[in-house]
Amino acid sequence: MNQGPLTLGRWLRDRARTTPGRVAIDEDDRLTTYGELDRRSEQLAAAFAASGLERGDRVATLTGTSGEHVIAFFACAKNGLALVPLSWRLTAPELAFQLDDAEPSVFLVEDEYASLADEALAAAAVRPRRLSFGEADGDGDALDVRVDDDDTL
């Protein structure tokens, strides 16, 4: 049975189906299983779709080295979106330059970096929709987005 291209989004769905209880992320004594990673990335992917993002759009992120970043990575993979990870170690003007250069449709920010993100957006010419992870919880319904092996991620 052909299930389409073996994209990273499909890889996670397949892995969650075969070993949903297996640990995918061990972060500061908080364990995330493949089933949970798939569900949470599906919720974020649904929120991206509900906000009007379309295949090929860019999603900039400002996160630490965290499980949230992995969730955002797989949500982008499931929607055919281009992930633009930005470093929290940069200054607001440096982030503004990168935002202007990348021209993302959405700027997804971990709460810890909210003030830095606000400063960067104030200095940037672009005006992406700013989301925090709490705001970006979708309903997790299955997405009907065709993603190919050669789509940008």
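Each residue takes its place number in the sequence, starting with 1. All values reported here derive from a predicted model rather than from experimental measurement.
- A chain of hydrophobic side-chain contacts below 4.5 Å, direct or via other Ile, Leu, Val, Met, Phe, Trp or Tyr residues, connects Leu37 to Leu108.
- Linking ILVMFWY side-chain heavy atoms closer than 4.5 Å, directly or via other members, places Leu62 and Phe73 in two distinct hydrophobic clusters.
- Arg30 pairs by the salt bridge (charged side-chain N to carboxylate O under 4.0 Å, His left out) definition with Glu36, not counting sequence neighbours.
- For residues 88-99, the side chain to side chain donor-acceptor pair (under 3.5 Å) pairs, not counting sequence neighbours, are Thr91-Glu94.
- Side chain of Arg22 to backbone of Gly35: no donor-acceptor contact under 3.5 angstrom is found.
- Checked by atom type and distance alone, the side chain of Lys78 pairs as donor or acceptor with a backbone atom of Asp38 at under 3.5 Å.
- The side-chain hydrogen bond (donor to acceptor under 3.5 Å, both in side chains) search around Thr63 returns His69, not counting sequence neighbours.
- Residues that satisfy the side-chain hydrogen bond (donor to acceptor under 3.5 Å, both in side chains) test with Arg15, not counting sequence neighbours, are Thr19.
- Here the CG atom belonging to Leu86 is positioned 12.5 Å from the OH atom belonging to Tyr113, to the nearest 0.5 angstrom.
- Under a 3.5 Å cut-off, the side chain of Thr32 and the backbone N or O of Ala24 do not form any donor-acceptor pair.
- Two different hydrophobic clusters hold Val59 and Val126 under the rule that ILVMFWY side chains link at heavy-atom gaps under 4.5 Å.
- Side chain of Arg58 to main chain of Val84: no donor-acceptor pair is present (N/O by atom type, distance under 3.5 Å, no hydrogens or angles).
- In terms of hydrophobic clustering, with Ile, Leu, Val, Met, Phe, Trp and Tyr side chains grouped at heavy-atom distances under 4.5 Å, Ile71 and Val109 are assigned to different clusters.
- Judged as a side-chain contact (heavy atoms from CB on, under 4.5 Å), and not counting sequence neighbours, the contacts of Glu54 are Asp57.
- Residue pairs meeting the salt bridge (charged side-chain N to carboxylate O under 4.0 Å, His left out) criterion with at least one member in residues 95-124, sequence neighbours excluded: Asp118-Arg130.
- When every heavy atom of Phe107 is checked against every heavy atom of Thr61, the shortest pair comes out as CE1-C, 4.1 Å.
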